[in-house]
Colleague: 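Got a structure for you, questions after.
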Protein chains: 2
Amino acid sequence: MKSVVLPPSLKTLLPAQLHELCIGAYYKKNDRLFLTGKMPESMFYVVAGEVTLERTGLQGEPVVLQRTRQGFVSEASLKVSKYHCDALAITDTNVIKIPIKVLADALDKDSEFASRWISMLNLEVRRLRLHCERLSMKSVRDRVLHLINTEGQDGNYAIGTGLKTLAGELAVTHEALYRTLAALEKSEEIERGDGFLMISKKPTDQTRTAGSTP
Amino acid sequence: MKSVVLPPSLKTLLPAQLHELCIGAYYKKNDRLFLTGKMPESMFYVVAGEVTLERTGLQGEPVVLQRTRQGFVSEASLKVSKYHCDALAITDTNVIKIPIKVLADALDKDSEFASRWISMLNLEVRRLRLHCERLSMKSVRDRVLHLINTEGQDGNYAIGTGLKTLAGELAVTHEALYRTLAALEKSEEIERGDGFLMISKKPTDQTRTAGSTP
DNA sequence: CGTACTTTTGAATCGCATCAAATCTGGTGG
DNA sequence: CCACCAGATTTGATGCGATTCAAAAGTACG
């Protein structure tokens with residue numbers, strides 16, 4: 001029942017003795033992974049699906065704090081005695097659960113592990129800052145170009161789960177994204193292939209005579 | 001020359017032997033704190049002002065990776081042999097510089113410190129996720145309400161550096177913010193005071209008869 | 001071959017950015 | 001104390017870009 005195949009990133013991150021303590025779990029859409037006020041017992045790592053953290057606003061409306069498609073749901077709950085929000089599966093979701101007590105102990109005692117954990121958090125911080133910067137841009141065009149420039153390899157960005165999902169990540173409607181991509185392609189600013197987007201290589205300035213760009 | 005007053009957050013975070021190694025520094029607008037390709041020697045903590053991390057895009061245009069008004073500029077450079085971006089002071093800025101080698105060593109050897117560092121990163125991750133979620137909202141109204149609900153204490157949010165700065169953080173124009181605040185105040189959804197915004201307390205449902213909310 | 005989902009295009013509308021300008025504010029110097 | 005300036009705050013008018021609603025075309029899958 002307990003045997004799980006860990007994704008490579010988790011396998012290298014976690015010390016060996018923790019591997020066998022990891023438990024796979026499956027949640028159906030609208031299931032709750034944990035509830036506000038409960039004591040954290042596991043760290044959740046989303047393998048597939050989508051989970052949100054939600055709190056109840058002052059007028060009773062739900063406030064989304066976070067949305068995770070891949071990775072840890074609540075690193076921050078590592079040292080907390082009770083949850084301050086609910087975790088909700090908004091699609092069918094697969095996660096890996098790591099016993100939180102053992103994890104915290106390992107972090108205290110195994111400084112190599114702590115170091116890797118810090119690196120993981122550093123990466124997460126960088127990713128999030130890029131994402132914030134992208135979302136601060138007002139036009140879909142700018143967000144798309146920023147995405148390809150920052151998340152892509154050398155101007156080449158692999159579309160993961162489809163354009164509709166991507167639209168959600170860019171916080172725009174899928175219609176707007178489709179139109180913008182079409183426009184960028186027509187103006188030859190990007191090229192589109194099967195599952196990827198690419199910044200068009202401008203002809204080098206050597207080929208132009210001075211002043212051709214007013 | 002070296003004596004600096006550390007902000008409380010840094011003082012509690014850093015182990016004592018690091019305190020005296022911290023150096024204050026001042027940068028004028030458009031100064032660079034560090035350059036791409038250089039080896040990181042210090043960790044930068046912004047005390048006042050504003051710093052951006054920038055990379056050069058494929059077409060030579062600057063791409064902003066991060067914007068920091070308060071806190072560490074590049075935790076992620078902790079374990080990296082050279083910078084992958086420039087740090088640019090976009091206003092006159094005060095920072096505290098911490099020698100990076102000593103810092104990294106301390107993190108390896110002092111597990112208490114490592115633990116605090118992890119907590120600090122956890123906090124940062126949470127903050128950033130909230131910020132992303134906020135920027136994903138399409139209307140200024142929603143962003144403002146989300147801000148008060150999540151950053152405020154009990155529905156009460158203290159405006160830090162003025163509304164114009166706040167507008168920048170919400171990634172909207174100051175005009176839009178002013179108008180939205182005025183509208184929210186008129187509709188009695190929020191109250192405004194000197195330096196704070198507050199969610200209006202709705203009359204409790206006790207005062208209503210059942211079914212008043214269809 | 002039908003069903004569900006993604007991709008695409010069209011048209012109407014709305015919110016925000018933008019540009020402009022007026023008012024208010026605190027601080028400075030005469 | 002007043003005149004004056006720089007910056008923040010506010011209100012107005014206009015246009016653009018994205019949302020929204022609608023619908024068609026393409027694609028995967030059983």
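The chains referred to below are lettered A, B, ... by the order of the sequence lines, with proteins before strands, and numbering in each begins at 1. This one's a predicted model, so the numbers in the text were calculated from it and none came from an experiment.
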Colleague: Expressed in angstrom and rounded to an integer, what is the separation of A:Ile159 atom CD1 from C:dT6 atom P?
Modeller: 14 Å
Colleague: Near DNA chain D, which residues from residues 164-174 of chain B have a heavy atom under 4.0 Å away?
Modeller: B:Lys164, B:His174
Colleague: Nearest heavy-atom pair of B:Ser77 and B:Met43: which atoms, and what distance?
Modeller: OG-SD, 4.4 Å
Colleague: Would you say the side chain of B:Val95 lies within less than 4.5 Å of the side chain of B:Val73, judging by non-hydrogen atoms?
Modeller: no
Colleague: Under a 4.5 Å cut-off applied to non-hydrogen side-chain atoms, are A:Glu185 and A:Leu181 in contact?
Modeller: no
Colleague: What are the two closest heavy atoms between A:Ile90 and A:Lys29, and how far apart are they?
Modeller: O-CG, 3.5 Å
Colleague: Report yes or no: does B:Asp86 contribute a side-chain atom to a donor-acceptor pair with the main-chain N or O of B:Thr36 at less than 3.5 Å?
Modeller: yes
Colleague: Quick one: do A:Val46 and A:Arg69 satisfy side chain to side chain contact (heavy atoms under 4.5 Å, CB included)? Show the steps, please.
Modeller: CA-CA 6 Å; A:Val46 177; A:Arg69 292 192 170 83; 5.8 Å; no
Colleague: Would you mind reading off the distance between A:Leu163 atom CG and C:dT8 atom P, rounded to a whole angstrom?
Modeller: 7 Å
Colleague: How long is the line joining CD of A:Glu185 and C1' of C:dT7, in whole Å?
Modeller: 13 Å
Colleague: Could you tell me which non-hydrogen atom of A:Phe34 sits nearest to which non-hydrogen atom of A:Cys85, and how far apart they are?
Modeller: CE1-O, 3.4 Å
Colleague: Given atom CG of A:Asp142 and atom C1' of D:dA18, what is their separation to the nearest angstrom?
Modeller: 14 Å
Colleague: Can you tell me if the side-chain N/O atoms of A:Arg192 get under 4.0 Å from OP1 or OP2 in C:dT8?
Modeller: yes
Colleague: Restricting to non-hydrogen atoms, name the atom on A:Tyr178 and the atom on A:Lys164 that form the minimum distance, rounded to 0.1 Å.
Modeller: OH-N, 4.2 Å
Colleague: May I ask you to list the residues of residues 175-182 of chain B, by number, that have any heavy atom positioned under 4.0 Å from an atom of DNA chain D?
Modeller: B:Glu175, B:Tyr178, B:Arg179
Colleague: Does the side chain of A:Leu184 come within less than 4.5 Å of A:Leu197's, by heavy atoms?
Modeller: no
Colleague: Using five pairs at either end of the helix from C:dC1-D:dG30 to C:dG30-D:dC1, determine the angle between the two local helix axes and round it to 10 degrees.
Modeller: 40°
Colleague: D:dG17 C1' sits how many Å from A:Arg143 CZ, rounded?
Modeller: 12 Å
Colleague: Could you point out which residue of B:Arg134, B:Arg127, B:His146 forms a side-chain hydrogen bond (donor to acceptor under 3.5 Å, both in side chains) with B:Glu151?
Modeller: B:Arg134
Colleague: Send over the distance from A:Leu135 CG to C:dC16 P, rounded to a whole Å.
Modeller: 16 Å
Colleague: Which heavy-atom pair separates B:Arg126 from A:Ala76 by the least distance, and what is that distance?
Modeller: NE-CB, 3.2 Å
